[in-house]
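The next block holds one structure in the form of structure tokens; read it before the comments.
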Amino acid sequence: MTPAPAPAPVPLSGPRFQTDPTALYREMRREHGSVAPVLLDGDIPAWLVLGYRELHQVTGDPVLFSRDSELWNQWPNIPADWPLLPMIGHKQPSILYTVGERHRERAAMISDALEAVDPFELRSLTEKFADELIDAVCAKGETDLIADYATLLPVRVLALLYGFAEEQGPDLVTALNDMIDGRDRAIAGQTHLATSMVQLLADRKAEPANDVVSRMLADSSGFTDEEITQDLMVMMAAGHQPTADWIGNSLRLMLTDERFAASLFGGRNSVAEAMNEVLWEDTPSQNIAGRWASRDTQLGGRRVRAGDLLVLGLQGANNDPQVRIDGAALTGGNNAHFSFGHGEHRCPFPAQEIAEVIARTGIEVVLDRLPDIDLALPAGSLARRPSPWLRGLTELPVKFTPTPALGGSPA
């Protein structure tokens, strides 16, 4: 009897990553198992790791599943204008693709520079910018919490922490979004971000200040300017858009799910619950590229060849029915999700703390400042950005009773 042909690889693109990725991951798991063959832009083959245990294995074994992108067996097939190059670096000397002891030294440098950020000053700074953004719209009685708020707040805070001038924030937002979405403007966005970082580094070498960049430059581990520039780009990209999406996705959840209705009427304990629920069920970082097999191996019943790319399916693993038996139950304080990664390339703990302070403060300011806030259109009409990598809303229109600006006039 002739065996049935194997299911075809799944393109890692298309509208279903916006409309219902949970159902899509469930279908992929049913048809392919915990490790699914996928196609990136240009029909470039890769594996998507959907199983919780398999993802734990991949991220916990940096020798077999390396972060060194130079191992990739597809580089001969990658054109110079490939839109995913900003997401999968080639010969890029950043911490993302450094392995071994050198990676540990770089991770320590970044953690030390971020850990020196005072959490009380961070919250105060976030509140200041959040209030200014709300001041600009509170008298109107309506706004888009994505375009007018969530996509502006994290980068304004991070820019000052790193050493940028405030007025550079809007262009950095545009560049970061273009780069992360991985489409026509991706390489242009990456170029703008790199140019901005090089100039910031030069400014801080000439005139050090109390900021993250100056602390990184003062580190004695001997990193080159190019290495620090690349790491700053990684930190800015990882710190801005996922945090903006964390704010947007959490506000959407609180505005559409009755389980979190108390948050909208003065309750604050459920803000943290909603944020954690998002990290499990609607995480901003859906899929991350990636890891590369250093030799032929087996994973989830699949034969993985040396040099194969494994895309980390963070949302798919979070929804793995083998670990989420009752997917409808609230996650409470359970933080065993993959939203910040796992293993030695996990998001540094100080960076997680900074993101959480910015996101939670941003959400609380909205709830404090905008009474009787409600969606301005049906929940089913809310659309997502066309990206399988980061999951965020294109808009979140809301209406509310107009209130006066705290500063006396709109910012």
Neighbour count >12 (heavy atoms, 6.0 Å) for atom [atom1], [X]:
X: D118; atom1: CG; result: yes
X: K205; atom1: NZ; result: no
X: E142; atom1: CD; result: no
X: Q298; atom1: CD; result: yes

Taking the side chain as everything from C-beta on, heavy atoms only, tell me whether [X] gets closer than 4.5 Å to [Y].
X: D231; Y: M109; answer: yes
X: N210; Y: R215; answer: yes
X: E353; Y: L122; answer: no
X: Y25; Y: N287; answer: yes
X: H32; Y: L50; answer: no
X: L251; Y: L393; answer: no
X: Q286; Y: S387; answer: no
X: M233; Y: Q190; answer: yes

> Can you find a side-chain donor-acceptor pair between T126 and T361 that sits under 3.5 Å?
Replying inline: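 No - no donor-acceptor pair under 3.5 Å links their side chains.
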
> Cut-off 3.5 Å, side chains only: do Q315 and R391 have a donor facing an acceptor?
Replying inline: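 Their side chains do not contain a donor-acceptor pair, so the 3.5 Å distance test is not met.
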
Please round to the nearest 0.5 Å and tell me the distance separating atom [atom1] of [X] and atom [atom2] of [Y].
X: D68; Y: R291; atom1: CG; atom2: CZ; value: 12.0 Å
X: L201; Y: S196; atom1: CG; atom2: OG; value: 12.5 Å
X: L24; Y: T19; atom1: CG; atom2: OG1; value: 8.0 Å
X: L406; Y: E127; atom1: CG; atom2: CD; value: 11.0 Å
X: F340; Y: T283; atom1: CZ; atom2: OG1; value: 7.5 Å
X: Q168; Y: L160; atom1: CD; atom2: CG; value: 10.0 Å

>> Taking ring pair (Phe, Tyr, Trp, His ring centres under 6.0 Å) as the cut-off, I'd like each qualifying pair that reaches into residues 342-362, sequence neighbours left out, listed once.
In response: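 Matches after skipping sequence neighbours: H56-H342, H103-H345.
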
Please find the pair of heavy atoms, one from [X] and one from [Y], that lie closest to each other, and give the distance.
X: P242; Y: A237; result: CD-O, 3.3 Å
X: C138; Y: L370; result: CB-CD2, 4.2 Å
X: E356; Y: M275; result: O-CE, 4.0 Å
X: R106; Y: F223; result: CG-CE2, 2.8 Å
X: I187; Y: A80; result: CD1-O, 4.0 Å
X: L314; Y: S339; result: CD1-O, 4.3 Å

Donor-acceptor contact below 3.5 Å, side chain [X] vs main chain [Y]:
X: D372; Y: F400; result: no
X: R29; Y: G316; result: yes
X: R204; Y: G163; result: yes
X: Q352; Y: C347; result: yes
X: W246; Y: V278; result: no
X: S294; Y: S66; result: no
X: Y149; Y: G362; result: yes
X: W82; Y: D41; result: yes
X: N318; Y: F338; result: yes
X: D131; Y: V365; result: no

